[in-house]
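Here the structure is a predicted model, which is why all the values come from computation and not from measurement. Remember, it's 1-based here, ligands and their atoms both numbered in the order they're listed.
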Amino acid sequence: MLTVGVSILIASFLLLVVYLRLAFRIRRKSEPPYVPGHFLWGNSAQFSKHLVRFLQTSQKQLGDIFTIRLLYHYFTIIMDPHCYETFVKEKNFDFSLVTKQVMTNVFGLEVKSPHKLFSETTKRLKGVYVNTTMENFAKHVQNSFTDLTKTSAMTTSDCNANINTDGNTSVDWRRETLLTLMSRTVLTSLFYTLFGRSVDPSKNFCPNVFHDNFIIFNKYFDYLWIGLPLKLFPKAVEALTILLQQPTSHNMLQRDGVSEQVKVSINHFRQQGHSEKDIAVYMLVLFRVNYNIFRVSFWCVYKLAEDPRILKDLEKELHEAIEMKRTDGEESVAFTLAEIDELSLLDSFLKETLRMYSGGLMVRYITEDTEFEMPTGQKYTVRKGDRVVMCAAGVHMDPEIFEDPEVFKLERFVNTTFYKFGKEVKKPILSFGSLCSGQRITLLQVKWFVVNLINSFSLHLPEGQKAEPDTESYGIEILAPVTDVQVDFRPKEGAPVLVYSK
Ligand code: HEM
């Protein structure tokens, strides 16, 4: 009989052998060069320390295409922005398997007929649905501002009830952490736009509780994504338990103003015979994609509060647009989406924010050995079963495309074209990849929120407050801040109400 110790030793040895067989392989002649890494975990440490610096260093040493290893997974990285079109058109580069991995590993969910669901939800982000979403969002933003200016803080118990506009308003400077300010405004508005409101509030299904628990769960996203079991992280389990305490799907559909996204998803899940738990998990997935809007808005507001010149220039642009439309000091001024889109400085501001704070990757699973041609004409074989990646921040932080890439320049995107190797870069902002169906709605919602905030509040950062993006969080769509900051804000007296108009 073997002792327990010897059995463990043998099992560990066998596991190591299996792991090493998965991790090690010989580079074939036509394949891109490999970046040297640790014999056990490959390039994982360099990758998670500062992805962009690691990729830029590798690019200098090996060129615009190279392969890295994370544990036993191989990723071929393409750094040349001119490869974008070839990359997205290549039929052997598959995104659905990447999504499937996220759904299964992170959320423990196997969606039935995922293509049908994707196509149905995508339709709900276009055309007439954009108007409905924006109408609801604009209403919730306005309510959240009214609530913010009230002297008494909102409590958990009234968080689902329709907003009561009575109460004293304060016009003094107030100080909050930026995350709290953003949670009470944009996050709350996004939550209600997605899930609607109810007169029958459930204790845990309201923006602040949902947000707090989401932050905890999201911290473990990367570990879950690479396949570590949820059980290893008791805090994530606890947060997930609260996140899943949602109204039943029947009650969700009854909520006032519930979005088409939610409606169509619930109907799909019911038709496919999914459980109530699966539906609740998918509601969390929907919240997570919307959370990117929260993150971009966070960085926008941080920049406005940090740099008075940026705030002043954007205020001027908005003020001029308002004055063109406002007659006799009217209390409200209506703006259409087209009119918001015409604010070119605002547009540049948002693009510059996305450029500086995007952490997303375009990842595809390679379904067959594939010959990939670089713009130089050089051909490489990428291997079946590996992943191929274009990194948004790799392009955004390329000094050959963007002068002083580390510097935030408000006007960078006003009437400008960008070049690399003497050729125009057709897609200089890669934050949304090629497949994100939420791009249009994101840009509209962030613009609407920023315009309304500038119109309604004065802002500034107290001295010494600084937020830096967490360079260890590359891989997620928008980088998280390392630390929160304090922000001072005050309602502007006599500001008109901006009304959303179709
Ligand atoms: C700042 C906001 C956002 C960013 C930066 C972002 C970024 C991304 C990225 C990088 C991808 C992968 C695309 C690719 O590899 O080609 C993606 C996919 C996707 N995004 Fe977004 N996204 C944002 C907001 C949203 C919103 C608000 C929604 C929906 C309301 C949404 C829905 C989707 C969907 C449905 C996919 C494709 C998933 C699939 O095919 O399974 N995104 N997004």
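Of the charged side-chain nitrogens involved, none lies within less than 4.0 Å of a carboxylate oxygen, so that E352 and K303 do not count as a salt-bridged pair.
Within a 6.0 Å radius of CD in E110, other residues, nucleotides and ligands contribute 12 heavy atoms or fewer.
Below 4.0 Å from some heavy atom of M362 lie the following atoms of ligand 1, by number and element: 15 (O). Taking a cut-off of under 4.0 Å to the non-hydrogen atoms of S434, the atoms of ligand 1 that pass are 14 (C), 16 (O).
Under 2.8 Å from atom 21 (Fe) of ligand 1, one finds the following protein N/O/S atoms: C436 SG.
The single protein non-hydrogen atom nearest to atom 12 (C) of ligand 1 is F95 CZ, 3.8 Å, given as residue, atom name and distance. Atom 1 (C) of ligand 1 has its closest protein heavy atom at V296 CG2, 3.3 Å. Atom 5 (C) of ligand 1 has its closest protein heavy atom at S431 O, 3.6 Å. When only non-hydrogen protein atoms are considered, atom 30 (C) of ligand 1 lies nearest to L125 CD2, 3.7 Å.
Side-chain N/O atoms of R364 and S434 include a donor and acceptor closer than 3.5 Å. A donor-acceptor contact under 3.5 angstrom links the side chains of T76 and T67, judged on distance only. For the residue pair N131 and Y500, a side-chain donor N or O sits within less than 3.5 Å of a side-chain acceptor on the partner. With 3.5 Å as the limit, one finds a donor-acceptor pair spanning the side chains of Y291 and H211.
F349 is not listed as a side-chain neighbour of D313, based on a closest heavy-atom distance of 4.5 Å or more. A 4.5 Å side-chain heavy-atom check between D341 and K447 finds at least one atom pair inside the cut-off.
At a 3.5 angstrom cut-off on N or O pairs, R364 counts as close to ligand 1. Taking distance alone, with nitrogen or oxygen atoms compared against 3.5 Å, T99 approaches ligand 1 more closely than that limit.
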> Between S358 and S431, is a side-chain hydrogen bond (donor to acceptor under 3.5 Å, both in side chains) present by the stated rule, with each step listed?
Replying inline: CA-CA 6 Å; S358 288; S431 315; 2.7 Å; yes
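Under the ring-ring contact (aromatic ring centres under 6.0 Å, His included) criterion, no residue pair touches residues 98-125, with sequence neighbours excluded.
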